[in-house]
Amino acid sequence: MIPVCPIADLPRGEAFRLENEPPVAVFHTEDGELYAIDDTCTHQDASLADGWLEGCEVECPLHASKFDLRTGGVDAPPARLPVRTHQVLVEDGMIYVKLSDAPPNLPPTCAAARLGGVAVTGGGA
């Protein structure tokens with residue numbers, strides 16, 4: 001379990017970026033629910049914590065892809081791949097994230113950086 005922050009420090013309607021590899025975004029919805037997803041949009045390198053939260057959906061600030069916080073699924077293009085979701089727990093007023101064992105879906109620019117600068121791309125945006 002990775003400690004994130006006290007729940008009192010994450011107001012409803014806000015997100016917290018956890019500097020992990022890859023980064024994780026923790027969202028506190030207006031309804032009081034907590035969700036954690038990989039912070040990087042699967043279309044292009046953009047922080048989803050900087051996006052717009054509406055209900056259980058976050059809109060990427062770069063090209064307006066939308067992701068369902070509950071499932072990680074893509075609700076609006078240009079992203080095609082889902083983001084990875086993580087388990088969130090609150091214990092004694094502290095938010096914790098348990099990272100998924102699944103591999104992340106990183107955009108080509110991030111994947112290339114992790115592979116030493118060699119980008120392998122296919123198809124269009």
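Because the structure is predicted, anything quoted here is derived from the model rather than measured.
- Expressed to the nearest 0.5 Å, how far CG of Leu53 lies from CG of Leu69 amounts to 6.0 Å.
- Atom CG of residue Leu62 and atom CD of residue Gln44 lie 5.0 Å apart, to the nearest 0.5 angstrom.
- The shortest heavy-atom contact between Ala49 and Asp39 is N-OD1, 2.7 Å.
- Between His28 and Ile7 the shortest side-chain heavy-atom distance falls below 4.5 Å.
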Would you be so kind as to tabulate the donor-acceptor pairs closer than 3.5 Å made by side chains of residues 83-91, with sequence neighbours excluded?
from  : atom 1 : to     : atom 2 : distance (Å)
Arg84 : NE     : Asp38  : OD1    : 3.3
Arg84 : NE     : Asp38  : OD2    : 3.0
Arg84 : NH1    : Ala102 : O      : 2.7
Arg84 : NH2    : Asp38  : OD1    : 3.2
His86 : ND1    : Ser100 : N      : 2.9
His86 : NE2    : Asp38  : OD1    : 2.8

**Request:** Using the side-chain contact (heavy atoms from CB on, under 4.5 Å) rule, take Thr40 and Leu48 through it: C-alpha gap first, then chi angles, then the decisive distance, then the call.
**Result:** CA-CA 6 Å; Thr40 307; Leu48 296 174; over 6 Å; no
**Prompt:** side-chain contact (heavy atoms from CB on, under 4.5 Å) between Ile37 and Phe27: does it pass, once the steps are laid out?
**Reply:** CA-CA 8 Å; Ile37 61 173; Phe27 294 90; 3.8 Å; yes
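- Pairing each heavy atom of Ala79 with each of Phe67, the nearest pair is CB-CZ, 3.6 Å.
- A donor-acceptor distance shorter than 3.5 angstrom exists from the side chain of Thr42 to the backbone of Leu81, with no hydrogens or angles considered.
- Side-chain contact check for Val4 versus Val24: every heavy-atom pair is 4.5 Å or farther apart.
- Note: Leu34 CG to Ile95 CD1 = 5.0 Å, rounded to the nearest 0.5 Å.
- Salt bridge annotation for Arg12-Glu14: absent, with no cationic side-chain nitrogen under 4.0 angstrom from a carboxylate oxygen.
- Residues Asp45 and Leu106 fail the side-chain proximity criterion, which asks for heavy atoms closer than 4.5 Å.
- Counting only heavy atoms from C-beta outward, the side chains of Cys56 and Tyr35 approach each other to under 4.5 Å.
- The SG atom of Cys41 sits 9.0 Å away from atom NE2 of His63, with the distance rounded to the nearest 0.5 Å.
- Considering all non-hydrogen atoms of both residues, Pro6 and Met94 come closest at N-SD, 3.4 Å.
- Without hydrogens or angle criteria, Asn105 side chain to Pro82 main chain gives a donor-acceptor distance under 3.5 Å.
- Residues Tyr96 and Pro3 come closest through the heavy atom pair CD2-CA, 3.6 Å.
- Of the candidates Cys60, Pro78, Pro77, Pro78 is the only one forming a side chain to side chain contact (heavy atoms under 4.5 Å, CB included) with His43.
- A side-chain donor-acceptor contact under 3.5 Å links Asp68 to the backbone of Arg70.
- Taking the side chain as every heavy atom from C-beta outward, Glu59 and Glu54 never approach each other to under 4.5 Å.
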